[in-house]
Amino acid sequence: MLIIGAGGAGLRAAIEAASAGVRVGLVCKSLLGKAHTVMAEGGAAAAMGHVDDRDNWMVHFADTMRGGQYVNNARMAELHAKEAPARIHELESWGAVFDRTDDGRILQRNFGGHRYPRLAHVGDRTGLEMIRTLQDKTVHQGIDVHMEVTIINLLKDGDRVVGAFGYDRDRGRFRLFKCKAVVLATGGVGRAYSITSNSWEYTADGQALAYNAGAELQDMEFVQFHPTGMVWPPSVRGILVTEGVRGEGGVLRNKDGRRFMFDDIPDNYKPQTADNEEEGWRYTQGDKNARRPPELLTRDHVARCIMREVRAGRGSPHGGVFLDISWIKERLPKADAHIRKKLPSMYHQFKQLADIDITKEPMEVGPTTHYIMGGIRVDGDSQMTAVPGLFAAGECAAGLHGANRLGGNSLSDLLVFGRRAGEHAAKFAKEQAPGTVDPADVDRSAKSALAPFDRGADAEGPYKVQYDLQEMMQELVGIVRLEDEMQTAVVKLAELKARAEKVGAIGNREYNPGWHTALDLGNLMTISEAIARSAIARKESRGGHFREDYPDKDAAAAQFNIVIRKGSDGNMVLSHEPIPPLRADLAQIIEDQKS
């Protein structure tokens with residue numbers, strides 16, 4: 001079987017499949033160990049109860065459903081909450097070194113939307129430790145790794161996926177993979193936007209591969225804009241500032257020094273949110289009787305509050321707000337050393353990139369495109385798509401997070417559902433006879449990939465098209481949305497798609513990033529259209545989807561997911577798929593946790 005993507009989900013799937021006795025090929029777009037997972041900083045959410053013994057899987061489940069505003073796949077939320085602790089302990093048994101409590105257990109920190117301290121972490125470098133550990137395990141499993149290879153087409157025998165076609169990025173030589181099952185674990189879509197925390201790899205490859213192969217996409221309107229990305233200098237705009245800063249006591253202030261988050265606490269979070277600064281501080285220091293500060297509300301809400309301050313003229317000099325962790329010197333002795341110990345990456349990031357010492361002065365931050373809750377529609381238990389033999393896990397799959405992802409749920413998502421995808425894909429592969437790859441499909445894929453060279457220097461280059469797409473999506477389908485702007489975006493997308501189909505590449509196939517960008521454009525166009533059309537169809541505001549013309553939630557809209565498939569004519573077909581009723585026991589858990 002073949003796994004496309006070598007971040008947390010792909011590596012965990014590969015380990016599970018190899019353990020089942022299946023021969024595994026692992027394809028990664030960059031070098032092994034360089035996947036975007038390494039940029040995840042805050043931690044992995046798992047209800048182990050090491051810091052607060054009131055935590056358990058039921059509280060985690062309810063938090064995830066509330067954060068996703070109840071359009072989540074409840075089965076996935078249940079499995080995630082139940083299985084995450086075992087996946088963290090498993091990672092520890094493989095060599096992961098987590099921060100520790102005084103009695104030697106895995107330390108857990110506060111994070112937005114989580115009722116109790118829940119994030120297992122390694123300072124603010126948790127993703128790096130996860131990838132290091134999974135990479136070591138993968139290497140010792142004897143898995144075939146194909147580095148710097150990009151897949152551009154999935155190959156089918158009838159309805160079933162039986163292979164993949166791609167190229168190696170250094171020499172430009174084509175690669176043909178024949179397999180009995182494929183797991184997509186390619187991450188997100190952030191490079192469709194101009195301001196993003198995502199790496200260069202996040203060009204919606206997996207989502208577009210699945211869509212073109214006949215799988216369905218779901219919840220594509222739900223894009224998460226992380227509230228705290230760097231805003232200055234321009235060369236670092238969008239780089240992530242971990243939520244861990246706020247979990248350790250960092251506060252958000254406008255230019256007047258006001259902690260504006262206290263001004264807008266949603267009704268459904270008021271019982272669990274501090275209404276004064278003193279109580280908020282006590283919560284960050286482990287007081288079990290205190291409620292969390294409003295800076296630790298869900299990401300969608302915090303991002304909108306920041307934008308409100310900026311639009312009202314109360315923002316920082318460069319179009320953001322101030323995030324201040326240095327103020328804790330008023331409360332803690334040796335605060336400078338404490339900050340450097342808890343947030344080493346953030347300290348060095350701001351010192352080296354912005355010449356700011358976060359132990360002494362505030363940071364300027366603002367929203368950055370960070371994550372997509374939507375993605376490939378999968379079965380909650382097996383992670384299989386509607387296409388036999390095609391599975392998906394991690395950010396490229398939809399369902400777990402609903403309308404908004406809680407911080408820290410992504411890393412445990414990778415472990416829980418990466419394992420499940422690997423397990424079920426291996427089982428599927430064992431049960432199948434080898435399929436047949438049609439040589440004509442291979443020839444068509446190769447011809448299409450080489451077309452930019454045929455157009456050459458006389459054609460428009462790919463970078464301007466990519467730039468125009470990113471600017472348009474940021475402006476018209478960004479954090480605040482309007483019907484007429486999104487309709488304009490759909491029209492512009494058709495124009496951009498026509499331009500993308502005519503771009504040219506110069507030089508030869510070796511080490512040619514212009515050619516690589518030309519091939520990425522098709523994926524970005526497809527997924528940008530899916531985002532825009534889904535956002536137009538959801539005529540309400542929910543989670544990461546905020547419409548200024550429909551600012552309120554619509555109870556009826558909580559009853560369906562928007563699903564997209566490729567029609568027989570090649571156009572996108574949208575449908576409203578009913579969300580199954582919650583099991584009675586899960587509904588009772590949610591009700592019990594509302595107080």
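What you see is a predicted model, and the numbers here were worked out from it, not measured in a lab.
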Open item on the list: Does any part of the side chain of Leu134, heavy atoms only, come nearer than 4.5 Å to the side chain of Leu415, both counted from C-beta?
Closed with: yes
Open item on the list: If we ignore hydrogens and angles and just use 3.5 Å, is the side chain of Arg246 paired with the main-chain N or O of Glu295 as donor and acceptor?
Closed with: yes
Open item on the list: Show, in sequence, the C-alpha distance, side-chain angles and deciding distance for Gln272 and Arg291, and conclude whether the side chain to side chain contact (heavy atoms under 4.5 Å, CB included) test is met.
Closed with: CA-CA 5 Å; Gln272 302 154 21; Arg291 297 172 296 174; 5.5 Å; no
Open item on the list: Taking the ring of His424 and the ring of Phe391, is the distance between their centroids below 6.0 Å?
Closed with: no
- [ ] Hey, could you give me the CD/NE2 distance between Glu129 and His121, rounded to the nearest 0.5 Å?
- [x] 12.5 Å
Open item on the list: Tell me whether the count of non-hydrogen atoms from other residues, nucleotides or ligands lying under 6.0 Å of NZ in Lys34 goes above 12.
Closed with: no
TODO: Could you please spell out the steps behind the side chain to side chain contact (heavy atoms under 4.5 Å, CB included) verdict for Tyr202 and Thr196?
DONE: CA-CA 10 Å; Tyr202 272 30; Thr196 180; over 6 Å; no
- [ ] Check the side chains of Glu243 and Thr228 for a donor-acceptor pair under 3.5 angstrom, ignoring hydrogens and angles.
- [x] no
TODO: Determine whether the side chains of His401 and Asp413 contain a donor N or O and an acceptor N or O closer than 3.5 Å.
DONE: yes
Task: Point-to-point distance, once rounded to the nearest 0.5 Å, from CG of Asn198 to CD1 of Ile239 - done: 12.0 Å
Task: Matching residue for Ile376 among Val387, Leu217, Thr186 - test: side chain to side chain contact (heavy atoms under 4.5 Å, CB included) - done: Leu217
Task: Test item: Phe350 and Met230 side chains (from C-beta on) under 4.5 Å apart, heavy atoms - done: yes
Task: More than 12 heavy atoms of other groups within 6.0 Å of Asp103 CG - done: yes
Open item on the list: Can you confirm whether more than 12 heavy atoms, excluding those of Lys288, are under 6.0 Å from its NZ atom?
Closed with: yes
Open item on the list: Could you check whether any side-chain heavy atom of Val189 comes within less than 4.5 Å of a side-chain heavy atom of Ile531, counting everything from C-beta outward?
Closed with: yes
Open item on the list: Taking the six-membered ring of Tyr550 as reference, does the cationic atom of Arg538 (NZ for Lys, CZ for Arg) lie under 6.0 Å from its centre and within 45° of its axis?
Closed with: no
- [ ] For Ser410 and Arg405, test the side chains for any donor-to-acceptor distance below 3.5 angstrom and give the result as yes or no.
- [x] yes
Task: Pair Asp300, Gln224: side-chain N/O donor-acceptor within cut-off below 3.5 Å - done: no
- [ ] Return yes if a side-chain donor-acceptor contact under 3.5 Å exists between Lys29 and Thr203, otherwise no.
- [x] yes
TODO: Find the distance between CG (Leu343) and CD (Gln349) and round it off to the nearest 0.5 Å.
DONE: 11.0 Å
Open item on the list: Just verifying a value: how many Å separate Leu524 CG and Tyr193 OH, rounded to the nearest 0.5 Å?
Closed with: 11.5 Å
Open item on the list: For the NE2 atom of His60 and the NZ atom of Lys82, what is their distance to the nearest 0.5 Å?
Closed with: 14.0 Å
Open item on the list: With no hydrogens and no angle check, just 3.5 Å: does a side-chain donor-acceptor pair link His370 and Ser197?
Closed with: yes
Open item on the list: Just by distance, no angles: are the side chains of Asn409 and Thr64 close enough, under 3.5 Å, to form a donor-acceptor pair?
Closed with: yes
- [ ] Tell me, with the steps shown, if Gln108 and Ile88 meet side chain to side chain contact (heavy atoms under 4.5 Å, CB included).
- [x] CA-CA 12 Å; Gln108 298 179 270; Ile88 296 298; over 6 Å; no
Open item on the list: Rounded to the nearest 0.5 Å, what separates atom CG in Asp55 from atom CE in Met58?
Closed with: 10.5 Å
